[in-house]
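Every chain is numbered from 1 and lettered A, B, ... according to where its sequence line falls, protein lines coming before strand lines. Model, not experiment: these values are computed from the prediction.
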There are 2 protein chains.
Amino acid sequence: MAVSLDERPSAEIRSRKQRAPNSPPRGAPDRHAGQAARNSEIVYRDLHDAIVDVSLVPGTPIVEKEITERYGISRTPVREAILKLAEEQLVDVIPKSGTFVARIPVAVLQEAIVARRALEEVCVREATAKASKSQLMELRAIIQREYELSAAGDEHAFHEADNVFHAGVAAAGGYPGIWTMVEKIRLQVERYRRLTLPQHGRMKLIVAEHEAVLDGIENRDANAAVAAMNSHLNKLRIDIATFRDLWPDYFLFDRK
Amino acid sequence: MAVSLDERPSAEIRSRKQRAPNSPPRGAPDRHAGQAARNSEIVYRDLHDAIVDVSLVPGTPIVEKEITERYGISRTPVREAILKLAEEQLVDVIPKSGTFVARIPVAVLQEAIVARRALEEVCVREATAKASKSQLMELRAIIQREYELSAAGDEHAFHEADNVFHAGVAAAGGYPGIWTMVEKIRLQVERYRRLTLPQHGRMKLIVAEHEAVLDGIENRDANAAVAAMNSHLNKLRIDIATFRDLWPDYFLFDRK
DNA sequence: CATGTATAACTGGTATACAAGATATTTTAC
DNA sequence: GTAAAATATCTTGTATACCAGTTATACATG
């Protein structure tokens with residue numbers, strides 16, 4: 001009955017390190033604990049990825065018991081994973097009824113794009129002011145890698161490199177945390193993007209745009225760099241009307 | 001042994017509505033379910049508030065069992081609340097060891113301030129362009145209320161009104177969701193603010209600054225409005241050196 | 001007395017059983 | 001045959017018991 005996800009309970013069952021702990025004031029845990037694998041993390045990551053790349057489409061029921069059996073674990077960690085997804089608005093949990101992959105909230109899309117542009121502009125501007133030579137070289141290397149992946153047609157790896165570039169720009173500006181924020185904001189937009197435009201063929205264009213951004217930074221021309229970045233980000237037009245008829249059930253139109 | 005929080009298991013034990021559900025594609029839940037109170041929400045809110053207003057100082061142990069007994073509930077909902085706090089970096093969970101109120105990450109503070117300024121600038125600029133008359137009147141009313149609360153010396157209510165003003169500006173710009181983002185970003189900064197500067201006496205100044213922002217918006221002078229907002233937000237200087245010696249254990253200095 | 005080691009008392013992580021509401025199905029009345 | 005009511009079977013929410021590390025304490029040992 002329930003649409004089941006593909007069989008891939010994630011290779012690893014023991015991994016993923018944890019964030020550095022804060023030692024409490026009076027004597028206590030101070031070292032980095034060995035990585036205690038939380039199974040909930042694995043389930044979370046798998047579901048998260050499946051939802052973001054739209055292999056789990058909006059409306060798909062997520063049944064705890066089903067996941068429980070697939071991973072061979074109990075409901076508790078599964079539940080934790082689902083709760084985490086619920087906070088990111090990737091699933092909707094309806095008490096005593098069921099959990100479903102959330103629709104893509106159109107209103108949020110628009111704001112997410114605006115917010116991202118604002119945050120990335122700050123990063124680019126700051127990177128222009130104080131990127132070190134090594135950071136510039138690093139960015140140039142990433143672009144080169146993008147070029148190679150583009151030629152190889154490896155969309156998945158390319159997409160990752162794309163993210164690395166943006167993260168690198170933020171880091172060069174001294175604001176690595178801002179990219180973390182952008183990544184959270186990007187979630188819903190990413191679902192839209194994956195759904196509507198396969199970036200096949202767009203890869204070379206993206207490489208060129210990244211080059212324009214980096215050129216601006218290297219030349220210490222903030223306005224040019226920012227303009228290039230904005231132009232780059234503006235490529236994603238939210239033209240929802242087109243898809244309203246195609247997948248009416250995949251989007252949420254009214255205000256949440 | 002453990003520093004315990006004050007006795008106040010939150011008056012309500014049944015409340016808080018839930019977000020509108022998404023109905024899955026084929027026939028399913030479509031109406032707003034009656035508000036099913038999740039006890040985890042109550043515990044979360046109480047702990048959240050206590051941490052943000054620094055009545056629970058960084059390093060304080062959070063003991064599940066203790067909370068369990070105080071609220072008369074089981075560990076499961078308590079655990080959910082704590083996990084939620086962990087995601088917001090308000091607590092650090094160290095497996096098999098303990099859970100502690102997180103230190104304030106200095107590096108994050110700087111970035112949070114920059115990010116907030118960037119996001120609010122967008123909101124102000126957009127509000128200047130398209131705020132309706134009713135929205136302007138609403139904002140003016142909020143400022144009036146701030147003035148009254150300032151005179152009455154009600155810091156808590158004033159602070160809430162402060163937030164309402166910023167939320168109103170975002171809404172007037174057509175980006176209500178961006179204020180939600182800002183609120184998440186604000187968390188750590190808020191802890192710092194509460195810790196370092198009691199805003200007693202600063203209230204009147206804040207009212208004046210809000211007035212300057214609104215004046216700019218009303219006059220459709222985007223640059224003036226933005227300048228006023230930036231000036232307003234810049235008032236919070238992160239002058240960490242001063243507090244390094246005062247509360248060395250309350251802050252986290254190295255990169256997380 | 002100093003130091004290393006065993007041990008007991010914590011902690012959070014997980015599994016499982018039960019409760020309560022929502023939905024789907026069947027049954028029954030007309 | 002249709003519609004309404006009873007019921008069975010889903011779901012998530014909660015409570016509880018158990019497990020496995022961690023940490024502190026007591027104790028043996030030099």
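For C:dT14, neither phosphate oxygen OP1 nor OP2 lies less than 4.0 angstrom from any side-chain nitrogen or oxygen of A:Thr76. Contact between the side-chain N/O atoms of A:Ser74 and the OP1/OP2 oxygens of C:dT14 is not found at any separation under 4.0 Å. Between D:dT23 and B:Ser97, a contact under 4.0 Å exists linking OP1 or OP2 to a side-chain N or O.
Atom pair B:Phe100:CZ and C:dT11:C1' shows a separation of 9 Å (rounding to whole Å applied). In this structure, B:Leu83 places its CG atom 11 Å from P of C:dG12, rounding to the nearest Å. In this structure, A:Glu80 atom CD and C:dA15 atom P are separated by 10 Å, rounded to whole Å. Atom CG of B:Asp92 is separated from atom P of C:dG12 by 13 Å (rounded to the nearest Å). Between the CZ atom of A:Arg75 and the P atom of C:dA19 there is a distance of 14 Å, given to the nearest Å. D:dT9 atom P lies 12 Å from atom NZ of A:Lys65, rounded to whole Å. Regarding B:Ile73, its CD1 atom lies at a distance of 11 Å from the C1' atom of D:dA15, rounded to whole Å. As rounded to whole Å, 13 Å separates atom C1' of D:dC10 from atom CD of A:Glu64.
Taking a pair as Watson-Crick or G-U wobble with both distances under 3.5 Å, the runs of three or more consecutive pairs in DNA chain D are C:1-30 with D:1-30.
Under the side chain to side chain donor-acceptor pair (under 3.5 Å) criterion, A:Glu120 pairs with A:Arg116, A:His166, not counting sequence neighbours. Every residue was checked against the side chain to side chain donor-acceptor pair (under 3.5 Å) condition with A:Gln110, not counting sequence neighbours, and none meets it. Residues that satisfy the side chain to side chain donor-acceptor pair (under 3.5 Å) test with A:Ser40, not counting sequence neighbours, are A:Glu80. Residues satisfying the side-chain contact (heavy atoms from CB on, under 4.5 Å) criterion with A:Ala118, sequence neighbours excluded, are B:Leu119, B:Val122. A:Arg117 pairs by the side chain to side chain donor-acceptor pair (under 3.5 Å) definition with A:Asn234, not counting sequence neighbours.
Comparing D:dT11, D:dA15, C:dT14 against the side chain of A:Asn39 picks out C:dT14 as the nearest.
Nearer to the 5' terminus of DNA chain C, by closest-nucleotide assignment, is the contact made by A:Ser40 (compared with the other of A:Lys96 and A:Ser40).
The existence of a salt bridge linking A:Glu190 and A:Arg193 is confirmed by a sub-4.0 Å separation between a basic side-chain nitrogen and an acidic carboxylate oxygen.
With hydrogens and angles ignored, the 3.5 Å screen pairs a side-chain donor or acceptor of A:Arg191 with a backbone N or O of A:Arg103.
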